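Below, all heavy atoms of this structure are taken into account, side chains as well, without hydrogens, waters or symmetry copies. All ligand and atom numbering here is 1-based and tracks the order in the structure. Computed from a prediction, not measured in an experiment: that's the story for all the values here.
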Amino acid sequence: MKILVAVKRVVDYNVKIRVKADETGVDTANVKMSMNPFDEIAVEEAIRIKEAGKAEEVVVVSLGVAQCQETIRYALALGADRGILVQTDDALQPLAVAKLLKFIVDRETPELVILGKQAIDDDSNQTGQMLAALLEWPQATFASKVELGDGDARVTREIDGGLETIKVGLPAVITTDLRLNEPRYAKLPNIMKAKKKPLEVVPAADTGVDITARLVTLKVTEPPQREAGIKVASVMELLDKLRNEAKVI
Ligand code: AMP
């Protein structure tokens with residue numbers, strides 16, 4: 001079995017985001033970029049399936065600028081076998097990503113595609129669902145446990161008030177939730193070895209896929225500043241303020 005994993009290069013989750021002065025987006029100049037955390041979980045799951053002898057190959061795909069190769073190399077250092085970069089300098093929205101991924105899936109014919117449930121930069125939570133729809137494959141989103149059977153996968157999902165387990169026939173699209181696994185770190189020798197693993201670059205323009213943006217960002221703004229708190233002298237004063245000023249009791 002071949003597993004395809006989508007890995008997105010995003011602003012590192014530890015970075016304090018700065019909004020551009022003209023409110024057109026987030027400042028990414030000189031900012032540390034990393035693999036989307038949910039995609040690290042997706043890579044980890046694929047590698048564990050391979051280590052368990054249930055898959056022969058793990059292929060990682062990233063879409064975007066040339067620097068996404070770093071994200072792919074990291075996945076290769078973690079244990080993926082091969083990488084594909086669909087390269088473009090254009091900003092990609094989820095529908096365009098899903099269409100480009102479909103192009104790669106049609107070419108690679110994997111039995112399983114694993115994505116993160118959401119990218120921490122756009123928080124769209126759309127790509128996996130759109131990809132499944134375009135492929136007309138079943139989807140199991142927000143997976144917290146994946147067990148592969150003979151031609152199917154049992155996927156446990158955290159839902160309100162409990163755990164839901166569903167069965168999907170393969171090929172299928174799975175998206176990862178936080179508790180699916182704890183990703184490993186790349187070891188130095190593996191980082192060196194990853195440099196020699198195959199990484200193919202496919203210009204997005206060569207795919208024939210229409211990646212035109214469908215949504216217009218009107219503006220991006222900072223959240224409102226939190227106001228400083230005040231100290232009250234007594235419980236009675238607190239109650240008075242809550243009742244008469246904040247009007248919450
Ligand atoms: P989103 O729908 O944007 O929240 O993204 C959900 C998932 O789709 C991510 O966790 C990735 O697995 C995948 N994805 C989205 N954009 C890209 C991209 N540019 N390159 C690779 N994978 C992506």
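- Annotation for Tyr13 and Pro37: closest pair CD2-CG, 4.1 Å, computed over non-hydrogen atoms.
- A salt bridge does not link Lys117 to Glu158: none of the charged nitrogens lies less than 4.0 Å from a carboxylate oxygen.
- Close approach of ligand 1 to Asp39 (heavy-atom distance below 4.0 Å) involves ligand atoms 9 (C), 10 (O), 11 (C), 12 (O).
- The two residues Ala80 and Ile47 come nearest to each other via the heavy atoms N-CD1, 4.0 Å.
- Closest heavy-atom contact between Lys99 and Asp210: NZ-O, 3.7 Å.
- The only member of Glu44, Glu45, Glu51 that meets side chain to side chain donor-acceptor pair (under 3.5 Å) when paired with Arg48 is Glu44.
- The Asp122 neighbourhood of ligand 1 comprises atoms 1 (P), 3 (O), 4 (O), with distances under 4.0 Å to a heavy atom of that residue.
- Lys8 CD, 3.4 Å is the protein heavy atom nearest to atom 16 (N) of ligand 1.
- Close approach to Leu115 involves these atoms of ligand 1, each under 4.0 Å from a residue heavy atom: 8 (O), 12 (O), 13 (C).
- Counting protein heavy atoms only, atom 19 (N) of ligand 1 is closest to Leu63 O, 2.9 Å.
- Residue Val7 approaches ligand 1 through these ligand atoms, each under 4.0 Å from one of its heavy atoms: 20 (N), 21 (C), 22 (N).
- Contact atoms of ligand 1 toward Asn36: 9 (C), 10 (O) (distance under 4.0 Å to a heavy atom of the residue).
- The single protein non-hydrogen atom nearest to atom 22 (N) of ligand 1 is Ala6 CB, 3.5 Å, given as residue, atom name and distance.
- Polar contact with ligand 1: absent for Gly128 (N/O pair, distance under 3.5 Å).
- Those atoms of ligand 1 that come under 4.0 Å of a heavy atom in Val97, given as number and element, are 15 (C), 16 (N), 17 (C), 23 (C).
- Geometrically, ligand 1 and Pro94 share no nitrogen or oxygen pair separated by less than 3.5 Å.
- Taking atom 8 (O) of ligand 1 as the reference point, the nearest protein heavy-atom neighbour is Thr127 CB, 3.3 Å.
- Across every non-hydrogen atom of Asp122 and Pro94, the tightest pair is OD2-CG, 4.4 Å.
- Under the side chain to side chain donor-acceptor pair (under 3.5 Å) rule, Gln118 has a single partner from Asp177, Asp123, Asn125, which is Asp123.
- For Gly116, a nitrogen or oxygen atom sits less than 3.5 Å from a nitrogen or oxygen atom of ligand 1, counting backbone and side chain alike.
- With a 4.0 Å heavy-atom cut-off, ligand 1 is reached by no atom of Val5.
- Applying the 4.0 Å criterion to heavy atoms of Asn125 picks out, from ligand 1, the atoms 1 (P), 2 (O), 4 (O).
- Between Leu112 and Ile49, some side-chain heavy-atom pair lies under the 4.5 Å cut-off.
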